[in-house]
Amino acid sequence: MSSPSFASLEGAYDRLHPKVRRWIRDQGWNELREIQARAIVAALDGAGDILIAASTAAGKTEAAFLPILTAVADRTQSGFSVLYVSPLKALINDQFRRLETLCEAMEIPVVKWHGDASPSAKRKAIDKPEGVALITPESIEAMFTRRPADAKRLLAAADFIVVDEVHSFLQGPRGLHVASLLKRIDAMAPTSARRVGLSATIGDLRQAAAWLRPVDPDRVDILQAKSDAPELRLQVRGYSEPPDLDDPDHAEGVAEADEEPASDALPQRIALDYIADHLFGTLRGSNNLVFGGSRRTVESAADRLRRRCEKANVPNEFFPHHGSLSKVLREELEIRLKDGKLPTTAVCTSTLELGVDIGSVKSVAQIGAPRALASVRQRLGRTGRRAGTPAILRIYVREPYISRKSGLLDRLHMNTVRSVAIVRLLLAGFVEPAAPSPEIPSTLIHQILSVIAERGGISPKPLFDLLCGPGPFASIGTSDFAGLLRHLGSTDIRFLEQAPDGTLMLGSEGEKIVQSRSFFAVFETPEEWRLTVGGRTLGTLPISYPVNIGSLVVFAGQRWIVREIDEKTRTLLVAPHRGGVVPRFERNTFEPAHDRLIAEMKAVYEDDDVPPYLDQSGRDLLSAGRETFRDWDLDITTQVQEEADLHLFLWRGTQATAVFGAALSMAGLECEVHDLGLILPKTKGEEVNPILEKLAAMEKIDPMDVAEFVKNIGGGKFRESVPAPLARKQWADQNAPLIRTAQTMARTVLM
DNA sequence: GACCTGCTGCGGCATG
């Protein structure tokens with residue numbers, strides 16, 4: 001774990017291959033960044049794995065590749081010497097451009113290997129595998145299942161495997177997938193390749209080290225860049241929805257009218273209209289990113305901003321960017337941002353949060369209070385990148401209008417308070433650690449199918465040894481595994497079949513799944529409509545979105561009318577139109593908040609400081625929220641009866657609150673989760689207290705019992721093929737610590 | 001009351 005002292009770094013440059021040194025001089029670089037010097041020493045003096053954690057644009061790629069190319073420069077063995085694994089094709093294309101001249105100077109071939117990369121370049125690499133391959137996890141998967149013999153020839157002899165954006169793999173099914181593929185590459189190789197992880201600044205570096213090398217995390221050399229965070233300028237602006245607005249969400253979906261209506265029928269302006277006014281006045285003329293939080297808000301805001309440009313008779317410089325827009329439209333915008341010739345503001349979801357090079361922007365804005373520090377930091381990394389320029393962040397908070405009918409939760413102004421809590425934790429340097437992934441069994445099923453496809457057949461024992469043990473599926477024991485195999489072989493699943501000698505082979509369903517092109521990714525893509533105008537694809541809408549001939553839709557920052565519907569090819573032909581409705585892209589989940597964020601919200605309620613970065617309206621909202629908090633004595637009061645409903649204030653993160661809610665469901669109480677606790681509809685305190693007492697008094701709550709009451713347990717592409725007992729056991733294992741705190745919570749909430 | 005990500009191999013044809 002030790003990193004060399006700075007004194008020993010001075011000779012780092014001299015350790016590099018002469019051709020690398022010449023390339024560095026040709027770039028006109030005066031010196032190496034500290035993180036690069038440290039990586040050179042770690043890679044060339046050490047023999048183990050390395051984790052490089054530094055902010056965007058800190059030169060991580062060069063930190064890894066300068067020493068790695070030095071180390072492999074004289075290699076003659078066949079097979080790729082370096083694999084670079086990236087979560088994004090676009091990132092591979094960027095990195096290819098950055099590595100091209102360096103590799104050319106070293107006479108080391110480098111090949112892009114993803115779905116859109118040139119087949120002939122890939123074929124050439126198959127004929128003569130050498131040098132560096134830049135590849136996606138799904139392309140590795142494809143190589144394993146479609147050309148296993150080549151997989152071994154190409155991948156097994158690698159000296160280094162570089163994994164970029166490691167933080168994006170620390171939770172979720174795709175991270176489990178990559179970890180499993182790395183393990184399978186190791187299993188083919190005579191000696192394990194050294195792993196080099198590149199990561200943004202993250203909460204728990206040891207977690208990342210454990211992901212990178214599960215068998216020996218303590219021996220991963222962790223190099224963290226000394227943070228040279230730029231000056232931070234921030235503002236939190238508060239906006240209240242107008243009075244008498246039945247449903248601000250509905251209002252957001254109605255695009256502003258094209259013509260000014262008669263003065264007696266002025267449409268109600270909603271908070272988003274005022275936010276758009278401010279964005280238009282503040283951001284015009286420079287490059288910026290506006291994070292909208294949802295595709296719907298992105299479209300709604302982009303439409304409002306474009307209209308302001310039209311009204312002011314100036315060229316539009318605000319464009320939407322999200323995952324449902326066609327690649328062409330997105331790339332046009334990315335190029336426009338990077339070029340920097342025309343002032344450009346992208347209104348985006350998290351699409352522009354990581355990876356892809358769009359240059360440095362002047363400021364970042366966020367519509368709606370953020371829920372995670374990890375993404376706020378990542379977004380801030382897009383601004384203030386040139387020396388001497390500050391990082392600018394504006395948060396636009398929307399709060400409901402308060403009338404006499406308003407409820408307690410509305411009056412607490414949680415969004416404003418959460419924004420203040422976010423800023424406090426941002427300044428304190430807090431970042432959420434990775435949460436456990438519920439998709440472990442589903443992803444294991446994927447890998448079982450993949451290994452069998454790769455090898456034709458395999459016995460249960462070697463299959464277990466290959467996939468399980470330390471690594472992504474460590475929580476699956478031998479009996480779980482045996483149960484899973486039996487389930488997958490059952491007549492209603494038919495993923496597997498077993499030969500008389502015990503060899504596992506693909507069953508009829510398993511065969512179909514593996515043959516399909518969509519097998520390579522461990523995540524699902526829902527069915528969608530394709531929107532086209534004059535043969536050009538604008539993007540996609542969920543198939544669940546109701547459309548008719550004549551439907552109006554705001555999409556890609558413009559307004560359209562649906563002219564034709566082709567059910568067979570799932571295509572909508574649209575034409576420009578003046579009216580529009582902003583579509584819903586649907587999904588009924590919400591981004592979880594961490595324990596510490598909610599605890600900080602409580603601290604914000606209890607304090608009486610007036611943060612200087614709040615505008616006047618934000619200050620008013622904060623102070624009104626605090627007043628409500630004090631009026632109800634919420635520092636000590638945990639139960640509040642509000643008409644027929646009972647509030648339980650828990651002040652815990654989303655996951656702990658949800659687990660407590662599941663424990664209550666077990667006891668027969670239905671409830672809804674929100675940031676500060678639970679709502680029990682049509683419930684009285686006297687009904688709840690005996691149940692809480694019982695929970696608090698129980699010697700031990702068995703997590704398996706609670707698991708019975710969890711809705712949508714597990715997750716992942718193959719969740720429906722996970723045996724129910726295994727799904728419950730996994731949930732119980734992952735949530736056992738929270739079940740223990742649920743008893744403490746029951747005691748706290750008792751009145 | 002949420003977001004994002006990825007994709008083979010082959011036959012048949014036109015082209016240089």
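Within every chain, numbering begins at 1; the chains are lettered A, B, ... in the order of the sequence lines, protein sequences first and strands thereafter.
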TODO: May I ask you to decide if the ring planes of A/Phe80 and A/Trp113 are parallel, tilted or perpendicular, using 30° and 60° as cut-offs?
DONE: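 Correct class here is perpendicular.
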Task: Spacing of A/Glu353 atom CD relative to B/dA2 atom P, expressed in whole Å - done: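 So the CD-P distance, A/Glu353 to B/dA2, works out to 16 Å.
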TODO: May I ask you to decide whether A/Lys60 forms a salt bridge with A/Asp164, counting only side-chain N to carboxylate O separations under 4.0 Å?
DONE: no
- [ ] State, with a plain yes or no, whether a side-chain heavy atom of A/Leu337 is found less than 4.5 Å away from one of A/Leu352.
- [x] yes
TODO: Select base, sugar-phosphate, or nothing to describe what A/Asn415 touches, counting heavy atoms under 4.0 Å on all strands.
DONE: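 No contact at all - A/Asn415 keeps every heavy atom at 4.0 Å or more from the nucleic acid.
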Open item on the list: Does A/Val298 reach a base, just sugar-phosphate, or nothing at all? Heavy atoms under 4.0 Å.
Closed with: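 Contact class for A/Val298: none.
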- [ ] Measure from NZ or CZ of A/Arg174 to the centre of the six-membered ring of A/Phe169 and say whether it is under 6.0 Å with the direction within 45° of the ring axis.
- [x]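 Cation-pi check for A/Arg174 and A/Phe169: fails.
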Restricting to ring-ring contact (aromatic ring centres under 6.0 Å, His included), what partner residues turn up for [X], sequence neighbours left out?
{"X": "A/Phe473", "value": "none"}
{"X": "A/Trp651", "value": "A/Tyr605, A/Phe629"}
{"X": "A/His167", "value": "none"}

Task: Base-contact (B) and sugar-phosphate-only (S) positions in nucleotides 3-8 of chain B, heavy-atom cut-off under 4.0 Å, - elsewhere - done: BSBBBB
Would you tabulate the nitrogen or oxygen pairs shorter than 3.5 Å linking the protein to nucleotides 11-15 of chain B?
none

Open item on the list: Suppose the criterion is salt bridge (Lys or Arg N to Asp or Glu O under 4.0 Å): which pairs have a residue in residues 345-358 of chain A, not counting sequence neighbours?
Closed with: A/Lys338-A/Asp357, A/Glu353-A/Arg379
